[in-house]
Structure formats: C-alpha cells, structure tokens
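First the structure, in the form of structure tokens, and then the observations on it.
Bear in mind that the values here come from a model prediction, so they are computed numbers and not experimental data.
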Amino acid sequence: MVRRAAASKLGEFAKVLELEYVKNDIIPLFTNLASDEQDSVRLLAVEACVSIAQLLPEEDLEALVMPTLRQATEDKSWRVRYMVADKFSELQKAVGPEITKNDLVPAFQNLLKDCEAEVRAAGAHKVKEFCENLPADGRETIIMNHILPYIKELVSDTNQHVKSALASVIMGLSTILGKDNTIEHLLPLFLAQLKDECPEVRLNIISNLDCVNEVIGIRQLSQSLLPAIVELAEDTKWRVRLAIIEYMPLLAGQLGVEFFDEKLNSLCMAWLVDHVYAIREAATNNLMKLVEKFGAEWAQNTIVPKVLAMANDPNYLHRMTTLFCVNALSETCGKDITTKLMLPIVLKMAADQVANVRFNVAKSLQRIGPVLDSNTLQSEVKPVLQKLGQDEDMDVKYFAQEALTVLALA
C-alpha cells in the first residue's frame, strides 16, 4: 500500500523537479515500481509514465521510458494492460510521432487483440483518438494497413462491451479517411454494426451518423444505411425505437422534404400508435420538430389530416395521442390551421365516452388557447369548457375549471 501511494504520486512529483533529478533519481524508482510484484503498483506506474514522458526530451525517451512502457503493454496482469489502453492517447502525445510510429502502433495492435475483453474495449474506445493523433504525413497508410484490419475483427467481437465501445467512435474515422475509403472500407462495417444483435451497438452507430453524412453525402448514406434504419424503427426493443425517433429531425433535415415524405413519413405516423407511451410521446415531439423544419404548409397537407383521423380511432389511447399532437403542433402551425382544422376536432372530442380523453380535451384547450383569437375563445371554447366543468368525473371538472381560469374565461 505504501509503494502504491508512492507510485500514484510519482508523476506529480516528477513535474516539480529539475530534469537531471528526474533522470537520476525518479527514473530508477519508476523502473522499479513498474516491475513491482503487485499489479496494483505496476498499473499506477503507467500513469506516472505519462507525466515522466512529457518531461523528457525525445532522445532520452527511447532509453529511459520505452523499455518500461513496452513491458507494461505485455504485462501478465490484464489490469496493467487495461491501464495502458486507457491512457494510450496521452502516452501517444507524450512520446511524439516517431516513437508512436515504431513502437505504439504495434503495441496498439496487441491491445486491440488482447485476450481480455476489458482491455479490448478500452483499446476500442481509443481508436479514433489514436488515429487522429497519428503524424499527418503517413496517417492514412498506417490506419489502412495496420489499424483497420484489427477494427474489422472487433466489429464481430464476441463481447458486446467491446463492440459497443468501437461503435461509439468508429464513425469518427470517416472524417480522417475521406470519402472513398469510407465508402469502400467503413460503410460495410457500419452496416454490420447497424444489424448487430446488441441494441447498444446499433444505438451508438445511429447517434453518430452525422459525421459520416458530412463525408460521403446523404444520397450515398440513404441508399446504404436507410434500409437498416427503417428496420430499427420497428425494432422490438422500445429504447432502440426511441433513439431512432430522436434522430429523425436531424435525418429529415439532411434528406430534404421529398425524400422524407417518400421514405420516412409513414414511419413517423406509425410511432404515434406505438404501444409504449414513451414512444408515442417522443413521436409527438418529433412531429413538432419536423413541422419547424418543413413549415406549416407541409404540416397542413401531410401531417395534420393523418393526426386528426386518429380522433375516431376505437382505441382511446390513440384518440388521446391526437390531443397530444394538437398541443405540440398548434404553436408551430399557427392560428389559421389550429382554428380551422384542429380546434373543431378537439371540441368534438369533448363528448368522448372516456373520462381520460375528456379531461385531456380540457388540458388541450388550455394549451392551444393562447394561439386562438378572443372571439373563438368566447364563442366556441368557453361553452365547451363550461359543459366539461359540470362533468360527473372529478378530474374532468378540475381541468375544465383550471382551463377556464387560466384562459381568463371564468
């Protein structure tokens, strides 16, 4: 425990010493601790290694630090190797481009094919950073010849944490490798990950689609990845469906309105009648964001009729979804569409036989009230709310009274 405490402070201590003391006193201590019999001491020496490497001039690194670092990357304890993987980007910056090319690339390859999943996952997390920090002149060659083959192996790793770690960073490689390499080498990997049985992996790919879009353009992206996205939109796990919904406005903005209407519109409407409430709620917010992107006229022609048709659905949950959509869309669609198209349906639903629907009508009227003009409020909204205020259900009464008060109609 004492040696461990010393090892944890070694790097900090080295930073405040003159260089000759670091070389003569600290390095021998560091070498000693890095070959301690306890792995908990050795792994702390890896952290010290980063600080010490930053202090030494490049010509001394090879003799004083690299033997110890090489030994740590092949340590018999997985915890030490994990620490090396975890600190890899910092080590890379500390030792500079030449040593990175000659020493760290092979070390990184070993970590990516380590026998312990934790080590592979820590290495996978560092893939993008490692590739970004490679010297610019030979970067592409190093990645294509020395790193990509190992990444391809990790895509079909047996451990889901490893695959998930890789999926969270792999999209970032497209900006480093450029359009042609991305289409030829990375797209097949993205597709494989989009179809992975682990939801985390699929999720991480979807969340980072925009960096690939910047490199290869939306046409190429939609031809190759869209079928997989549509498949995920109907995934059995609701969290996966939720992730796709949250990504939809971004995707829609990139694809443009014609493409969206043709390929994705029906999906967005299907989510409104999902059996999970969180999905229906997210789908409602999604519609609002889409209308913000594509404008009120688009909403009037494409979305509003479909939403209002659900008001006659036999399932009361779907009828309630109509109300939630009206709440979300009224502001974005503006006064005209709300008054002419949406309000009549809401008022009609005040006579619904399900109390939950009726009190949501009261809540909706309160919500869309500010969009309507005062004539409409007095002549159409007030009588309906007054009637709901006499309802036999307590909740309906309560929300109707509240709406009247808030809209200053009481």
Side-chain angles (χ1 to χ4, degrees), residues 78 81-93 104 108-114 116-134 139 142-144 146-178 181-183 185-216 221 224-226 228-229 231-233 235 237-251 254 282:
W78 72 267
R81 301 196 303 276
Y82 172 87
M83 200 63 171
V84 175
D86 194 47
K87 299 279 171 207
F88 214 81
S89 306
E90 294 159 57
L91 288 165
Q92 181 188 4
K93 284 177 189 156
L104 292 195
F108 195 55
Q109 289 173 329
N110 288 336
L111 293 170
L112 291 179
K113 62 174 203 296
D114 197 277
E116 285 293 334
E118 276 89 347
V119 179
R120 294 199 301 279
H125 257 304
K126 298 289 171 195
V127 162
K128 178 185 168 224
E129 266 182 82
F130 181 73
C131 293
E132 269 176 341
N133 297 332
L134 287 169
R139 181 187 297 159
I142 295 175
I143 297 173
M144 295 307 290
H146 302 293
I147 307 292
L148 200 64
Y150 291 86
I151 291 176
K152 284 179 179 166
E153 292 294 307
L154 291 180
V155 167
S156 49
D157 198 277
T158 49
N159 183 290
Q160 69 177 46
H161 298 296
V162 177
K163 290 188 292 192
S164 181
L166 180 66
S168 65
V169 298
I170 189 171
M171 309 295 262
L173 292 180
S174 52
T175 41
I176 304 168
L177 288 175
N181 284 332
T182 299
I183 291 173
H185 298 285
L186 293 179
L187 263 185
L189 301 181
F190 301 157
L191 272 172
Q193 288 172 304
L194 266 178
K195 291 180 179 146
D196 197 279
E197 77 276 3
C198 166
E200 281 290 299
V201 176
R202 305 195 292 256
L203 208 61
N204 285 342
I205 290 292
I206 291 156
S207 317
N208 295 300
L209 274 178
D210 43 342
C211 44
V212 181
N213 178 32
E214 283 165 27
V215 179
I216 65 171
L221 188 68
S224 49
L225 298 183
L226 206 67
I229 288 174
E231 214 173 292
L232 289 179
D235 196 275
K237 294 199 172 53
W238 69 269
R239 282 190 172 82
V240 176
R241 299 200 296 278
L242 191 63
I244 291 274
I245 296 178
E246 283 166 358
Y247 191 72
M248 208 33 97
L250 185 60
L251 201 60
Q254 293 163 352

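To the nearest 0.5 angstrom, Ile143 atom CD1 is 12.0 Å from Lys128 atom NZ. Rounding to the nearest 0.5 angstrom, the gap separating the CG atom in Leu189 from the OG atom in Ser174 is 11.5 Å. Separation of atoms CD (Glu90) and NZ (Lys126) is listed at 6.5 Å; rounding is to 0.5 Å. Distance check: Cys198 SG to Lys237 NZ gives 8.5 Å after rounding to the nearest 0.5 Å. A distance of 9.5 Å separates CG in Leu177 from CZ in Arg139, rounded to the nearest 0.5 Å. Here the CG-CG distance, from Leu191 to Leu186, works out to 11.5 Å after rounding to the nearest 0.5 Å.
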Take Val119 and Val84 through the side chain to side chain contact (heavy atoms under 4.5 Å, CB included) test and state the conclusion after the steps. CA-CA 9 Å; Val119 179; Val84 175; over 6 Å; no
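When all heavy atoms of Ile147 and Cys131 are compared, the closest pair comes out as CG2-SG, 4.2 Å. In terms of heavy atoms, Ile245 sits closest to Pro249 at O-CD, 3.4 Å. Considering all non-hydrogen atoms of both residues, Ser168 and His125 come closest at OG-CE1, 3.7 Å. Of all non-hydrogen atoms in Ala117 and Asn159, the two that sit nearest each other are CB-ND2, 3.3 Å. Residues Ala85 and Ala122 share a closest heavy-atom pair of CB-CB, 3.7 Å. Across Ile151 and Ile170, no two heavy atoms sit closer than the pair CG2-CD1, 3.8 Å.
In this structure the side chain of Tyr82 never reaches within 4.5 angstrom of the side chain of Asp114, judged on heavy atoms. Under the 4.5 Å side-chain criterion, counting only non-hydrogen atoms from C-beta, Asp235 is not in contact with Ile244. Looking only at side-chain heavy atoms (C-beta outward), Gln92 and Leu134 come within less than 4.5 Å of each other. Proximity of Phe108 to His146: side-chain heavy atoms (C-beta onward) are nowhere separated by under 4.5 Å. Using a 4.5 Å cut-off on side-chain heavy atoms (C-beta onward), Val155 and Leu166 make contact. Annotation: side chain of Glu153 is not in contact with side chain of Lys113 (no heavy-atom distance under 4.5 Å).
A side-chain contact (heavy atoms from CB on, under 4.5 Å) with Arg120 is found for exactly one of Leu111, Leu112, Val162, namely Val162.
For the residue pair Asn204 / Ser164, a side-chain donor-acceptor distance below 3.5 Å is found, with atom types taken as modelled.
Asn133 places a side-chain N or O within 3.5 Å of a backbone atom of Glu129 that can act as its donor or acceptor partner. Under a 3.5 Å cut-off, the side chain of Gln109 and the backbone N or O of Tyr150 do not form any donor-acceptor pair.
Residues Glu197 and Lys163 are paired through a salt bridge, judged by an N-O separation under 4.0 Å between the basic side chain and the carboxylate.
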